[in-house]
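Everything below concerns the one structure shown next.
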Amino acid sequence: MAIDLLQGLNPAQREAVETIQGPLLILAGPGSGKTRVIAHRVAYLVKVCGVRPHSIMAVTFTNKAAREMRERIFHLLGQTVEDISVGTFHALCARILRIDGEHIGLGKAFVIYDGEDQLSLVKRSMEEVGVDPKNFAPKAIHSAIGAAKSQLLGPQEHAHHRQTYFDEIVQRVYRHYEELLAQSKAVDFDDLLLKTVRLFQLHPSALQKYQSRYLYILVDEFQDTNLVQYVLAKLLAQKHRNICVVGDPDQSIYSWRYADLRNILNFEKDYPDAKVVYLEQNYRSTQTILEAAHHLISANVHRKEKGLWTENEVGIPLAVKEAYNEEEEAHFVVSEVDRLVKEEKHGLKDFAIMYRTNAQSRALEEVFLRYGIPYRLVGALRFYERREVKDIIAYLRLIHNPYDDVSLAKVINVPSRGIGQKTLVELTGFAKAHSVPLYTALQMITEGLKTKGTTEGEKPYTSLSPRIAVALESFLSILNELIGKSQEQNIVRLLDTLLEQIGFRTYLLGMPDGEERWENIMELRATAGECEHLPPEEGLSAFLEGVMLVSDVDNLDEKADAVTLITLHQAKGLEFPIVFIVGMEEGLLPHIRSFDDPAQMEEERRLCYVGITRAKERVYLVRAFRRSFTGTNRPNLPSRFLADIPSRLIASSFGGEQHPKVEARTPSRVPAKPVFKAGDKVRHAKFGDGIVVSCIPSGDDQEVTVSFKGEARLRRLLLSFAPLEKLA
DNA sequence: CGAAAGGCTCTTTTT
DNA sequence: GAGCCTTTCG
């Protein structure tokens with residue numbers, strides 16, 4: 001059976017799988033079968049070396065990668081390996097802290113704050129510490145705190161490093177921010193890692209427990225780890241020293257999240273006995289794509305040369321295209337997708353459109369929508385970040401842990417119960433004066449109001465009007481009732497009770513896009529179903545943790561036949577037969593913010609490299625001559641990265657085109673006669689039957705507006721794309 | 001108190 | 001262009 005697990009692996013891959021003892025560094029180029037090697041390695045450990053899955057930890061970059069790894073291992077072993085610890089650093093740390101956090105004063109019910117929660121807490125901290133947001137951007141302070149935490153610097157340590165006035169300000173906000181977090185029984189994203197390190201440093205017994213447990217530790221995407229993660233891995237592996245890290249310095253794209261390339265570059269210094277394995281054979285891309293990528297990345301000065309090669313065929317040249325503006329760029333992409341689907345029988349899931357910034361997705365979406373081509377958008381407005389979803393999650397968090405100030409402030413007036421800005425300021429002020437969480441402040445105030453007539457005491461809260469007092473009390477009693485219910489009802493029932501109690505459905509339906517918002521809530525409810533079988537409190541806790549730690553790629557549905565719209569960052573680790581990179585312009589890719597920093601410029605180049613190397617068969621590099629930024633519309637130069645790809649690798653038919661605007665948009669073309677007229681009955685393959693509202697020539701095409709049966713809104717379709725059939 | 005309107009700023013990437 | 005904040009009015 002050892003033979004089974006090694007079969008089909010090349011010598012380097014084999015070595016990576018078989019090298020079990022001691023530190024191991026796997027330098028894996030794109031498409032070199034890295035995921036496969038990792039899965040085989042784990043399977044090998046279990047099956048051949050007889051290691052208990054319980055003793056293995058594998059850290060992945062996303063939850064999706066974790067799930068895939070489980071699946072692959074299951075496939076290889078033919079048995080489930082539930083026991084194995086697979087997950088992101090954040091998820092694994094959350095689990096450790098749930099169990100052993102009490103050693104460092106963390107209760108079981110701590111909530112996790114995401115970026116948005118962090119920012120609102122930073123704002124509150126600034127307010128209470130007396131820092132004017134006009135002088136210092138909350139975002140900048142937020143990011144400085146994140147930087148500190150990623151480098152293991154608490155407020156005390158940060159104080160020693162402070163140099164500028166800004167640092168001084170950060171230090172003050174940071175210290176109070178930590179107090180507020182503690183008061184709210186909350187940890188932020190960075191804390192999940194930092195607090196785990198603290199736990200290990202302060203409580204050797206806890207560290208020992210995990211050190212003894214994990215005989216084998218594996219960290220994927222090691223080039224994107226930051227100092228905390230590095231220290232964490234080091235601590236955990238200290239006892240058995242069986243640490244295997246996998247990565248590729250050329251694909252390091254998260255320095256802005258304080259990832260430190262030195263972690264991978266200095267691994268051999270830290271572990272002098274480390275074995276190094278190079279995975280250099282690429283199984284993914286054509287020779288042409290690989291060669292283009294190689295030329296691109298070679299322009300970076302700070303890198304280790306690798307000898308990537310492939311046995312794949314030469315393939316076809318990269319297509320470089322200049323469009324007039326972003327709209328035409330999108331049109332070009334969509335028409336190429338359509339052409340390839342028709343001519344080469346590709347499925348829509350074979351295509352990915354990648355871009356530098358989320359904002360770029362909009363122009364693409366509009367056109368995809370118009371042509372009726374299904375797409376899935378990764379990121380941008382994520383499901384869990386929609387307002388209504390966040391509101392309900394905030395309620396659930398509050399039920400789970402009523403001391404969660406950020407959540408309480410967010411929902412105290414949702415739906416409106418007459419508790420406005422002024423009241424909130426007063427409440428917060430009261431809480432601050434007594435150094436208590438908002439929930440406690442609420443209790444004190446409502447208690448105080450009740451006993452007002454009987455006992456005379458100091459009452460800083462008498463300024464509250466009776467009307468508001470009633471509102472506060474009713475909010476508090478709803479909350480308390482729900483907290484009671486959370487002990488007995490499973491998560492789904494609790495959610496229903498909550499929605500009912502606060503009249504959320506009526507509230508949502510009364511606002512624009514109400515139906516869609518309510519549907520989102522129902523989708524959330526469906527997700528909660530996964531935790532329905534758990535005992536009430538556990539279910540709530542598990543659900544919240546799942547919700548907080550998922551990323552958008554995690555939900556990427558592989559089976560759906562749709563084009564993928566995704567940022568270059570999120571595309572890391574994925575592959576597609578056909579890749580379009582749009583916005584190949586100076587200022588966008590490379591991004592303008594990298595212009596004055598050579599190190600950042602190198603990262604932009606790596607980002608482009610990551611994009612190109614996602615492709616198996618075809619790469620399109622598309623740019624727009626003009627692009628509207630924020631209201632302003634300005635011309636952009638072609639990306640410098642285009643010049644780094646030898647022209648012999650680029651399709652000539654696309655190379656010379658200059659300004660296709662003239663050809664595509666002039667109205668001089670004789671419009672074809674409208675095929676449909678208003679009132680015609682039509683049938684669409686996907687949308688069903690409908691009635692034509694209008695049919696207008698558009699370029700050399702026709703735009704048909706149709707009202708489909710059972711749909712409230714009208715759809716605008718382009719005739720040449722939409723499969724419309726006229727009914728008698 | 002809350003909705004609406006007007007003015008301001010800042011524009012990257014996300015576990 | 002949007003998101004955030006402030007102002008204004010009902």
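In what follows, chains carry the letters A, B, and so on, assigned in the order in which the sequence lines appear, proteins first and then strands, with residues in each chain numbered from 1.
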Which value, in whole Å, describes the distance between the C1' atoms of nucleotides C/dC4 and B/dT13?
22 Å
Rounded to the nearest Å, what distance is computed from the CZ atom of residue A/F222 to the C1' atom of nucleotide B/dT15?
17 Å
Using only side-chain N and O atoms of A/T423, determine if any of them is under 4.0 Å from OP1 or OP2 of B/dC1.
yes
Look at the side chain of A/T567 and decide which nucleotide, out of B/dG2, B/dT14, B/dT15, has an atom nearest to it.
B/dT14
List for me each residue that meets side-chain contact (heavy atoms from CB on, under 4.5 Å) alongside A/K234, sequence neighbours excluded, and say none if there are none.
A/Y230, A/D270, A/Y271
What is the distance, to the nearest angstrom, from the OH atom on A/Y258 to the C1' atom on B/dT14?
12 Å
Phosphate-side-chain proximity, A/T357 and B/dT11, N/O vs OP1/OP2 below 4.0 Å
no
Whole angstroms only, please: what is the CG-P distance between A/D597 and B/dT13?
18 Å
Short side-chain N/O contact from A/R362 to OP1 or OP2 of C/dA2, under 4.0 Å
yes
Flag the pair A/R370 and A/E365 as a salt bridge only when some basic side-chain nitrogen lies within less than 4.0 angstrom of an acidic carboxylate oxygen.
no
Run the side chain to side chain donor-acceptor pair (under 3.5 Å) check on A/D404 and A/Y113 step by step: do they pass?
CA-CA 10 Å; A/D404 174 355; A/Y113 280 175; 2.5 Å; yes
From CD of A/E366 across to C1' of C/dG1 the rounded distance in Å is 13 Å
Rounded off to whole Å, could you give me the NZ-to-C1' distance for the A/K139 and B/dT13 pair?
12 Å
Could you tell me the separation between the CZ atom of A/F136 and the C1' atom of B/dC10, rounded to a whole number of Å?
18 Å
Compute both the distance and the angle, then confirm whether A/R257 meets the cation-pi test with A/Y254: under 6.0 Å from the six-membered ring centre, within 45 degrees of the axis.
yes
Using a heavy-atom cut-off of 4.0 Å across all strands, would you classify A/F89 as base, sugar-phosphate, or nothing?
nothing
State whether the aromatic ring of A/W256 stacks on the base of B/dT13, taking stacking to mean ring centres under 5.5 Å apart and ring planes under 30° to each other.
yes
Between A/S416 and A/F189, name the one whose nearest nucleotide on DNA chain B is closer to the 5' end.
A/S416
By nearest-heavy-atom nucleotide on DNA chain B, the more 5' of A/I419 and A/H90 is A/I419
OH of A/Y113 versus P of B/dT14: gap in Å, rounded?
24 Å
Whole-Å distance, A/Q570 CD to B/dT15 C1', equals 11 Å
Tell which nucleotide pairs with B/dT9, taking only Watson-Crick or G-U wobble pairs whose two distances are both under 3.5 angstrom.
C/dA2
Just N and O in the side chain of A/N358: are any of them under 4.0 Å from OP1 or OP2 of B/dT11?
no
Axial cation check for A/F595 ring with A/R640, 6.0 Å and 45° limits:
yes
From the candidates B/dG2, B/dT11, B/dT14, the one with an atom nearest any side-chain atom of A/N413 is B/dG2
